[in-house]
Amino acid sequence: MTSTTTRTAGPADVPALVDLIESAYRGDRARAGWTHEADLLDGQRTDPEMVVAAVTGPAGVVLLAERDGAPVACCQLERRDDHAYFGMFAVAPGHQGGGLGRELLAEAERFARERWHAGELRMTVIVQRDDLIAWYERRGYARTGELSPFPYGDERFGVPRRPDLAFETLRKKLG
């Protein structure tokens with residue numbers, strides 16, 4: 001079995017990160033995996049500027065998982081006042097379903113708890129993603145009922161295919 005290494009991403013990783021994120025969420029490549037949003041959104045999921053901001057921002061880090069030197073998964077962690085925020089989570093479609101996402105999520109939780117002493121990890125998930133929300137619930141995340149609007153009209157986050165998209169906050173105590 002191929003071993004996975006995880007490290008903090010840097011500016012040189014931006015092109016590979018953008019490609020990884022796009023492959024997991026948008027277009028026909030994404031349909032090879034189960035985490036895609038291709039039925040909900042067209043257009044881009046991210047762009048180099050957003051990824052540069054995540055990689056270089058003073059309040060956060062991007063964790064990059066690699067197998068044989070190739071990026072296969074990533075996530076962003078951001079320090080907030082009373083918790084850590086988890087986002088930009090992507091697993092390459094050909095590597096989904098084998099436990100890699102679960103491993104990286106556990107590593108993100110460990111990082112936030114041990115390095116930042118965060119007591120809670122929060123994220124937002126599109127409410128229409130029942131399968132993904134159920135996956136997070138199996139890992140101890142709870143739905144909060146707190147909804148925030150999808151950024152309609154800002155194509156940096158995609159072009160919605162339906163008018164009712166919204167995000168729900170999920171949270172997990174890290175204690």
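In what follows, residues are counted from 1 in the order of the sequence shown.
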Spacing of R139 atom CZ and L170 atom CG [to the nearest 0.5 Å]
13.0 Å
Any side-chain hydrogen bond (donor to acceptor under 3.5 Å, both in side chains) pairs touching residues 9-24, not counting sequence neighbours?
R7-D13, D19-R29
Nearest 0.5 Å please: distance from the CZ atom of R143 over to the CD1 atom of I133.
4.0 Å
Pairwise distance CG(L63) to CE(M88) - rounded to 0.5 angstrom:
9.5 Å
Taken in chain and number order and not counting sequence neighbours, the residues that satisfy ring pair (Phe, Tyr, Trp, His ring centres under 6.0 Å) with F86 are F89
Tightest non-hydrogen contact, residues R129 and T35, listed as NH1-O, 3.0 Å
What's in the same ILVMFWY side-chain cluster as V127, cut-off under 4.5 Å, chained through other members?
L147
Please name all residues satisfying salt bridge (Lys or Arg N to Asp or Glu O under 4.0 Å) with R156, sequence neighbours left out, ordered by chain then number.
D154
Holding to ring pair (Phe, Tyr, Trp, His ring centres under 6.0 Å), I want the full list of residues that pass it with F150, two or more places apart in sequence or in another chain.
Y152, F167
Considering non-hydrogen atoms only, spot the tightest contact between G158 and L41 and give its length.
C-CD2, 4.4 Å
Check whether R79 reaches the backbone of A59 with its side chain - one donor and one acceptor, N or O, closer than 3.5 Å.
no
Across all chains, not counting sequence neighbours, the salt bridge (Lys or Arg N to Asp or Glu O under 4.0 Å) partners of R115 are none
